[in-house]
Every structure is written in structure tokens, then in C-alpha cells.
Amino acid sequence: MTSTFRPTSDFLSTLIERGFLHQCSDMAGVDALAKAGKLVSYIGFDCTAPSLHVGSLVQIMMMRWMQATGAGKPIALMGGGTTRVGDPSGKDESRKMLTIEQIDANKDGIGRIFSKFLTFGTGPTDALMTDNAEWLTKLNYIDFLRDVGRHFSVNRMMAMDSVKMRLERDQELSFIEFNYMCLQAYDYVELNRSYGCNLQMGGSDQWGNIVTGMDLGRRMGTPQLYALTSPLLTTSSGAKMGKTAAGAVWLEADMLPVYDYWQYWRNSEDADVGRFLRLFTDLPMSEIAKLEALAGSEINEAKKILANEATALVHGRAGAEQAAETARKTFEEGVLADTLPTITLPAAELDAGVGVLAAFVRVGLVASTGEARRQIKSGGLRVNDATLSDERATLTAANLQEGVVKLSLGKKKHVLLKPE
RNA sequence: GGGGGAAUGUCCCGAGCGGCAAAGGGGGAGGACUGUAAAUCCUCUGGCUAAGCCUUCGUAGGUUCGAGUCCUACUUCCCCCA
């Protein structure tokens, strides 16, 4: 669908050449608005977690490009209202309902992320943040049915891919989930009325919901609304972006150390480097083309740049440089880097002696002493770079080197244990 | 309303004649090989104060020396008939 259309706006051409575009309801329409700087676009974010992780980065970068290319105003919509209903797509049992306090706390955490990527303010391309709790919690059920609900065609909803699939597979589709679509559609109309919002963006799984919102707008008399989605990202080997065994790749230093964030990108697969540079950095296309062309082990240089740039966006240039330096010392020089993630423990405890099993559990490299034992058996644990073979060994002050004990799992994961 | 199925290792899928910490995958972790990559090969993948002990097969009881397995009730889901 993108092959025949030639965008004239910086915004759309950037999105296309960088791989952000999956589907768009009307390329020419969006292109014209972008060129005139008259787009007002929103993306919704659930408030189910205390922060965002790499999985949301594509959406955030789309807003960033919107701002950078002068296409218009991006709106970050916090799903403070919809989250109270609970996201029903998690098919399993008791999805815990979050309390209002939790949702508010999550909202604050998520909101903080955006200030790193976007400039907020009142100017025409300044970003705006709002929360759908502001209007959704005030809705009256009967009024909503009369004014909004009558515009929804169950027939059409049944035909939507997301619904059809569930029905065909005999999977549960709750009433709430049906309503979720309606609320999201209503958000779009509401944002149009309040802010003149005319474009909703999101991941490709949101296409149905977004189009439902466009349709609702048409029936309720808004100007023409548009939809644009980004592809759902997986790594080349098919894994979901943003998840590792240790958990999600959070965009918050408290939840994932800057060094670990840097490492996440550094460990990208060869085949992903170009794609990731385009999506997750601001580097110009010409430079990315050069980096992507590096062959063999030289592509490691491109991975470092990817890690530097991606980390700088979230954690600042200084944080990225420090992470790079830590990695350089650790991997290239084989020297102890005191900037590795560090866990402290009371000096008295170390003087008394800490079992190695407990120590590895304590720093979080393994989940249990059982796992620690297994890792020792397969030679996976090291203390100060020496492979650990005796599970009954203890750590004492004698193990300190430069004031810390370096504990490692495998070749890549290192934590420093520091008495205080 | 009637009849018939199903729920398994707290990541997922999935076998399981009354002796079961429970087959096999996927995913994940470690090791080997490399370039902090991929592919490939090997090992591991309930917890603990560890030759032992404890907790796991939808929930609650029961039969039994012994229950994931048999019985009863309940919950949830699916299919067929109405």
C-alpha cells in the first residue's frame, strides 16, 4: 500500500523510510495535514505498570518524529480511566483490578518518561498530556448509550479481525472487552472536540480500535479523522521486543540499571541492527546506511552506536557514555569497572562470612539457591572472574578487590557486591 | 433444562494402567564454538537449613498403606440436544 504513494511531508516520508508505518487510513490526507503542520495526533497508554518498557518505544518515537518534523501536536493520552476497567485482553484468570491509587502512581511514572522524548507546552507543535479518566469517569451509562452507544454496530464489531479470531477459536470474549473498544473510540471523539485531534496512532494490534474511533467520529459529526499504525516488533528470531528472562526492559533507571539498558541494545542480533537504528535512534539515514553495511564482526561497532544512541535518548548522553565505558572495561579490557550495577550489604555480614549460594541469590543473578547450585554445576557462576566450583564456599572480606566482590553469571551478567 | 468432554509443573503447549517431583515440546538459563551476533552441539529448567525434608496436577471432601490418576460435591470453560 505504501508503494504507490509518494509522501511530500517530512513526517510521513520519515515514518516510511524508518520503518514506522504499517497501515494508514488515508496517506494523502495525513500527508497534507502534516505538511501544513496541522496534525493533532494521539496515542493511548495503559496505566497497568509503574513505567513503560521498550515495547512502547516505537509509539513514543513516532510522537517524537512528529514534533521534530513540525507535523503538529502530539498528545500522550494516559489511560487512567480505561485502566480502571482493566485490560481484558489478558485471557487468564484473575487479572487483578488495580486500585485507583496504584493507577495514579503508575500514571505519574509513565508520564515522566515522555518529558525525555517530547517538548511539552502550548505552542503548535508542543506536546500535551491528558488522561481519559477526566471524561470517562464522568460518563453516565444511560446517556452514553443514547448518545454514543447507538452508533456502534455490533454486526461490524463482530466482523473485526480481533473479535472474529476469538470467536473462531472459541476463546472467551467478555462484555467488558466489547465496551473497551467503545470507550477507546469515544476517547478519539472527545480528543477531537477538546483539542482538534485528527490522527490516532498505535501498534498494528490497535487498528481495529482506531478505525472504530474514526467511524464513531464520522457518525457523531467530527471532521475527518485518520488512523496510522506501526508494525508490531519482534526480533529477527521472533522473540517479542522488550522482554528478557530477567523481565521487561524498563525505561526507568530505578527499574532497570542504565548499564543493563545499554547492554540490551548492545546484544541485538546482527540482522536487527539496521532496523533498530532506524526506529530507536535519531541518527540520519545516511549514517545508518553506513553502519548497516558493516560486515562480519565489524557490525559490533554499529551495535555500540545503537546502544549509545538509544540509551542517550532515555537516560541522557552522560549515562550512555558511562555505560559504554563500563562495558569497554568489562569486556574489552577485562578490568574491574566499579560502575557495574552494585548491591550493598552490611560490612558486618561480610565479616561473618556469606555463603556463595546466598550471595548470588541476594544480588539477583539467580532466583534460588537451587538454581545457584545448578549453575555452579554447569560452570556458570564466577567470583572475581574465577569459576566457582564449591557451592559451600563463603565470601568474606578476604574476597574484596578494590572494595568490592564481583559476582558473574555467564559471560555477560555482572554485579558488584559492596560492603557498607 | 438434558447429555458429553476439559482444567497438569504459577512462562506457554501438552502426555500421564493407583507407587509421580510427574513423559515430550516450545520458551528460558549455563557450557562449547564465535564477534558480548546468528546457527549448531551438550547440560539444566519446583523449594529448602539438602544422601533428608517440604510444596505442586481447578476447589473442597472421601476411598486407599499410597491419589494427578478412583468416588462425591462445587467452580470455570467447551461440545451436542432442547
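Given the structure is predicted, the values throughout are model-derived calculations rather than measurements. Just so you know, these numbers use all the heavy atoms, side chains as well, and skip hydrogens, waters and symmetry mates. So that the names make sense, note that chain A is the first sequence line, chain B the second, and so on, each numbered from 1.
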Pairing partner (Watson-Crick or G-U wobble, both distances under 3.5 angstrom) of B/A6: B/U76

Residue pair A/L199 / A/V30, side-chain heavy-atom distance below 4.5 Å: yes

A/W262: which of A/T311, A/N267, A/N308, A/T326 passes side chain to side chain donor-acceptor pair (under 3.5 Å): A/N308

Touch class at under 4.0 angstrom, heavy-atom based, for A/A327 against every strand present: base

Spacing of the P atoms in B/C17 and B/C70 (rounded, Å): 9 Å

Sugar-phosphate, base or nothing in reach of A/K304, heavy atoms under 4.0 Å: nothing

Partner nucleotide of B/G27 by Watson-Crick or wobble geometry (both distances under 3.5 Å): B/U45

Closest-nucleotide 5' rank along RNA chain B - winner of A/R382 and A/E298: A/R382

Plane angle bin for A/H315 and A/Y261 - parallel if under 30°, tilted between 30 and 60°, otherwise perpendicular: perpendicular

From B/G35, B/U45, B/A29, nucleotide with atom closest to A/D270 side chain: B/G35

Among B/G35, B/G30, B/U36, the one nearest A/N267 by side-chain distance: B/U36

Sugar-phosphate, base or nothing in reach of A/S297, heavy atoms under 4.0 Å: base

Candidate nucleotides B/A32, B/A29, B/G35, ranked by approach to the side chain of A/L409 - the nearest: B/A29

Of the listed nucleotides B/A37, B/G30, B/U36, the one nearest the side chain of A/Q263: B/U36

Side chain proximity check, A/L313 to A/L57, heavy atoms < 4.5 angstrom: no

Interatomic distance where CD1 belongs to A/I299 and C1' belongs to B/U34 [whole Å]: 15 Å

Syn/anti state of B/C42 by chi, 90° boundary around 0: anti

Sugar-phosphate, base or nothing in reach of A/K377, heavy atoms under 4.0 Å: nothing

Backbone of A/L388 reached by a side-chain donor or acceptor of A/R382 within 3.5 Å: no

Sugar-phosphate only, base, or nothing, as touched by A/W262 at under 4.0 Å among non-hydrogen atoms: base

Proximity to the side chain of A/K411 - top-ranked nucleotide from B/U36, B/A32, B/A37: B/A32

Counterpart base for B/C70, defined by Watson-Crick or G-U wobble contacts under 3.5 Å: B/G62

First of A/K412 and A/Q375 reached from the 5' end of RNA chain B, by closest nucleotide: A/Q375

Sugar-phosphate, base or nothing in reach of A/R374, heavy atoms under 4.0 Å: sugar-phosphate

Spacing between A/L357 atom CG and B/G47 atom P, to the nearest angstrom: 13 Å

side-chain contact (heavy atoms from CB on, under 4.5 Å) partner of A/P419, the single match among A/D351, A/L400, A/V354: A/L400

Could you go through nucleotides 48-53 of chain B and list every protein N or O atom that sits under 3.5 Å from one of its N or O atoms, giving the distance for each pair?
| residue | atom | partner | partner atom | Å |
| --- | --- | --- | --- | --- |
| B/C48 | OP1 | A/T369 | N | 3.3 |
| B/C48 | OP1 | A/T369 | OG1 | 3.4 |
| B/C48 | OP2 | A/T369 | OG1 | 3.0 |
| B/C48 | OP2 | A/G370 | N | 3.0 |
| B/A50 | N7 | A/R373 | NH2 | 3.2 |
| B/A50 | N6 | A/R373 | NE | 2.7 |
| B/A50 | N6 | A/R373 | NH2 | 3.3 |
| B/A50 | N1 | A/R373 | NE | 3.2 |

